[in-house]
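The next block holds one structure in the form of structure tokens; read it before the comments.
We name chains A, B, ... by the order of the sequence lines, and we start the count at 1 in each one.
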Amino acid sequence: LKFTKKIDEETFDELEELLISADVGVCTTQELMERLRENSKKINNLEELKTVLKDEIINFFPKESISLTFPAVILVVGVNGVGKTTSIGKLANRYKAEGKKVILAAADTFRAAAVDQLEIWGNRVGVDIIKHKEGADPASVLFDALKAGKARKADIIICDTAGRLHTKKNLMAELKKLYRVCHKEYPEANVTSLMVLDATTGQNALSQARMFKEAVDFSGIILTKLDGTAKGGIAIAIASELKIPVWYIGIGEGINDLQEFSPQDFVDAIFI
Amino acid sequence: SLTNKLGDIFKKLRGKGKLSEADVKQAMREVRLALLEADVNFKVVKDLVFRITERSVGQEVMDSLTPAQQVIKIVNEELTSLMGSKESRINFSSKDITTIILVGLQGSGKTTTAGKLGRLLSKGGKRPLLVAADIYRPAAITQLQVVGEKLGLPVFTMGQQDPVNISRASLEYARKHNCDVVIIDTAGRLHIDDELMNELSEINKTVNSNEIMLVVDSMTGQDAVNVAAEFNKRLPLTGLILTKLDGDSRGGAALSVKAVTGCPIKYVGMGEKLDDLEIFYPERMASRILG
Ligand SMILES: Nc1nc2c(ncn2[C@@H]2O[C@H](COP(=O)(O)OP(=O)(O)OP(=O)(O)O)[C@@H](O)[C@H]2O)c(=O)[nH]1
Ligand SMILES: Nc1nc2c(ncn2[C@@H]2O[C@H](COP(=O)(O)OP(=O)(O)OP(=O)(O)O)[C@@H](O)[C@H]2O)c(=O)[nH]1
Ligand SMILES: [Mg+2]
Ligand SMILES: [Mg+2]
């Protein structure tokens with residue numbers, strides 16, 4: 001962006017392009033630019049204008065903080081390859097460091113070496129993992145994990161699921177079943193679903209969010225791979241339309257590469 | 001749909017006549033919106049809209065078409081020609097082992113695609129060897145071994161040794177076991193990770209590959225150009241593979257990566273199963289992007 005002091009139509013065009021290039025999407029960008037024009041009548045320098053725009057974006061994100069009560073069951077869902085299994089390793093590490101007893105459920109019984117992968121994470125963190133053979137029914141793995149969680153007085157049971165495209169009806173039905181199993185078999189637990197979203201994803205993220213919300217009513221997003229050059233602007237549209245907050249961000253492949261989401265840091269990064 | 005929106009814009013232009021600059025400008029607003037919503041990079045969209053405008057203004061509307069259909073026809077032609085006007089296959093070595101390296105961001109589908117490609121080539125009479133050069137991701141080697149086992153294809157591994165050494169040794173292994181294609185599965189990495197990008201250059205120099213293919217998730221957004229440009233700058237990419245096209249993403253990233261690298265899109269991943277790999281057809285992708 002040119003740092004000319006005067007604000008003109010070109011300034012607004014450049015800001016609009018910045019938002020589009022950050023994957024904010026056409027619709028949300030138009031809405032933001034309208035609000036910006038309304039609220040910037042008195043503004044005559046670029047820095048102030050950017051601050052107004054940043055504040056408008058921050059307003060889209062729900063103000064509530066992460067709410068987890070115990071015992072908790074966390075169902076981790078999302079499309080293929082977004083970082084579910086890795087994020088579960090990071091989450092288990094974080095909760096264990098907070099003194100919580102964590103159990104992992106290896107309910108991705110479909111993909112090659114999915115259980116092996118989660119097991120390595122479980123060993124790195126030092127938490128128990130409940131697993132069956134490849135091809136087993138995911139619901140039975142989850143069932144056993146809930147049973148073990150109750151018996152071992154676990155504070156948190158985190159359930160890994162197979163990546164699946166939100167357009168596959170049978171796979172989404174399987175997910176709904178897992179969600180029901182959580183509620184049915186452990187009604188006294190706080191059942192929370194989290195959707196993992198890859199920050200490099202474009203407008204398809206909105207379609208993903210809608211379908212996963214319908215299936216498992218997820219409460220928060222884990223936005224991964226923000227250590228790349230993608231800005232993850234699709235999180236803004238999702239916050240605006242579905243009122244769902246981002247709980248955590250993934251900033252790398254290591255065990256400590258998970259941070260709590262900060263709307264201010266997030267928007268600042270878009271304007272770098 | 002775009003056709004309907006353009007239809008509304010042009011409904012004043014009844015019957016014959018040339019497409020006026022004003023009408024085309026308004027139509028291009030809709031085309032721009034459609035392409036951005038399809039995740040085509042905004043700079044690529046700018047160039048495209050410029051070219052389509054140039055071709056459209058002053059155009060005589062053909063007898064058989066409405067003005068809207070005329071513009072759609074031009075848009076489709078520009079998209080298809082940008083996509084690469086015909087299908088493209090693997091360039092096999094004429095005298096020796098063909099080496100293919102799969103590269104790309106984390107989670108884009110490389111390991112699965114390595115298996116799919118191995119299966120496709122073996123159905124075509126080749127004897128592929130899959131090479132486990134991802135020594136970082138937990139159970140990555142196991143993943144490729146499970147895939148190889150399901151397909152009855154050999155998998156070469158040296159455990160967690162230097163991927164450059166693994167790649168070099170895999171060629172000797174291929175020769176010894178009469179394999180004529182080597183498919184190297186590499187670790188997912190960021191285009192801005194100097195060390196890991198250098199690792200790829202080293203692997204490439206060591207095996208003197210015939211094909212280096214960038215595996216791209218078809219739901220990638222605007223960042224696709226940054227990734228593709230950087231990979232293309234550091235490596236002599238020869239092709240692109242677009243994955244997860246069995247979803248409902250419009251796949252505009254395909255246009256962006258093609259525009260920025262000039263590399264042909266050779267294959268598309270159409271599912272998680274190991275037989276879900278298809279040849280890429282430019283016209284099909286063009287109409288998918290247009291929605
Ligand atoms: N750079 C970076 N890579 C990440 C991040 N999170 C996950 N990854 C990488 O992304 C790839 C995919 O991660 P997985 O955890 O296997 O993803 P998944 O969603 O479980 O994948 P499926 O189970 O196959 O659907 C791996 O190479 C991870 O190391 C992140 O925040 N940053
Ligand atoms: N639906 C669908 N899923 C796919 C396709 N290709 C790969 N996948 C899935 O995407 C996820 C990631 O695939 P991988 O092969 O592990 O990706 P990768 O690029 O090797 O990942 P890293 O090695 O961590 O960088 C897995 O769940 C695959 O089954 C495809 O064409 N369609
Ligand atoms: Mg996984
Ligand atoms: Mg892999």
Heavy-atom closest contact ([X] atom, [Y] atom, distance):
{"X": "B/Lys244", "Y": "A/Asn80", "result": "NZ-O, 2.9 Å"}
{"X": "A/Thr229", "Y": "B/His191", "result": "OG1-NE2, 2.9 Å"}
{"X": "B/Val147", "Y": "A/Ala112", "result": "CG2-CB, 4.2 Å"}

A/Cys27 side, atom SG; B/Leu36 side, atom CG - distance, nearest 0.5 Å
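Taking SG in A/Cys27 and CG in B/Leu36, the distance rounds to 12.5 Å.
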
Output the distance between atom CD (B/Gln222) and atom OG1 (A/Thr200), rounded to the nearest 0.5 Å.
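Interatomic distance, B/Gln222 CD to A/Thr200 OG1, rounded to 0.5 Å: 12.0 Å.
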
Do B/Thr142 and A/Gln117 have side-chain heavy atoms sitting under 4.5 Å apart?
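When only atoms from C-beta onward are counted, A/Gln117 and B/Thr142 do not touch, as no gap falls below 4.5 Å.
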
Would you say A/Ser207 and B/Asp248 are linked by a side-chain donor-acceptor pair, where the criterion is simply a distance under 3.5 Å?
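On atom types as modelled, these side chains qualify, holding a pair under 3.5 Å.
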
Side chain, backbone, both or neither: which part of A/Gln203 has a non-hydrogen atom closer than 4.5 Å to chain B?
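Both parts, heavy atoms under 4.5 Å.
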
In terms of heavy-atom proximity below 4.5 Å to chain B, should A/Gln208 be classed as side chain, backbone, both, or neither?
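The side chain, not the backbone.
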
Identify the residues of residues 104-117 of chain B whose heavy atoms come closer than 4.5 Å to a heavy atom of chain A, ordered by number, or report 'none'.
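So far as heavy atoms go, B/Leu105, B/Gln106, B/Gly107 are the residues that approach chain A to under 4.5 Å.
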
Heavy-atom contacts under 4.5 Å, residues 39-53 of chain B to chain A
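Those residues of residues 39-53 of chain B which have a heavy atom under 4.5 Å from chain A are B/Asp39, B/Phe42, B/Lys46.
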
Winner by heavy-atom pair count (cut-off under 4.5 Å) against chain A, out of B/Gln145, B/Glu37, B/Glu230, B/Arg250:
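Heavy-atom pairs under 4.5 Å are most numerous for B/Glu37.
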
In terms of heavy-atom pairs under 4.5 Å with chain A, which of B/Ser249, B/Pro138, B/Ala139 leads?
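Among B/Ser249, B/Pro138, B/Ala139, the one with the most close pairs to chain A is B/Pro138.
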
Could you go through B/Thr220 and A/Thr201, starting from their C-alpha distance and side-chain angles, then the distance that decides it, and tell me whether this counts as side chain to side chain contact (heavy atoms under 4.5 Å, CB included)?
CA-CA 4 Å; B/Thr220 309; A/Thr201 309; over 6 Å; no

A/Asn204 side-chain N/O to B/Met219 backbone N/O, donor-acceptor pair under 3.5 Å:
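Side chain of A/Asn204 to backbone of B/Met219, a donor-acceptor pair under 3.5 Å: no, none is there.
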
By a 4.5 Å heavy-atom criterion (distance strictly below it), what part of B/Arg137 contacts chain A: side chain, backbone, both, or neither?
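Just its side chain gets close to chain A.
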
Answer yes or no: is there an ion pair linking B/Asp223 with A/Lys231, defined by an N-O contact shorter than 4.0 Å?
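Between A/Lys231 and B/Asp223 there is no salt bridge, as every charged N stays at least 4.0 Å from the carboxylate O atoms.
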
Lys/Arg N to Asp/Glu carboxylate O, B/Arg32 vs A/Glu17, below 4.0 Å:
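Salt bridge: no.
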
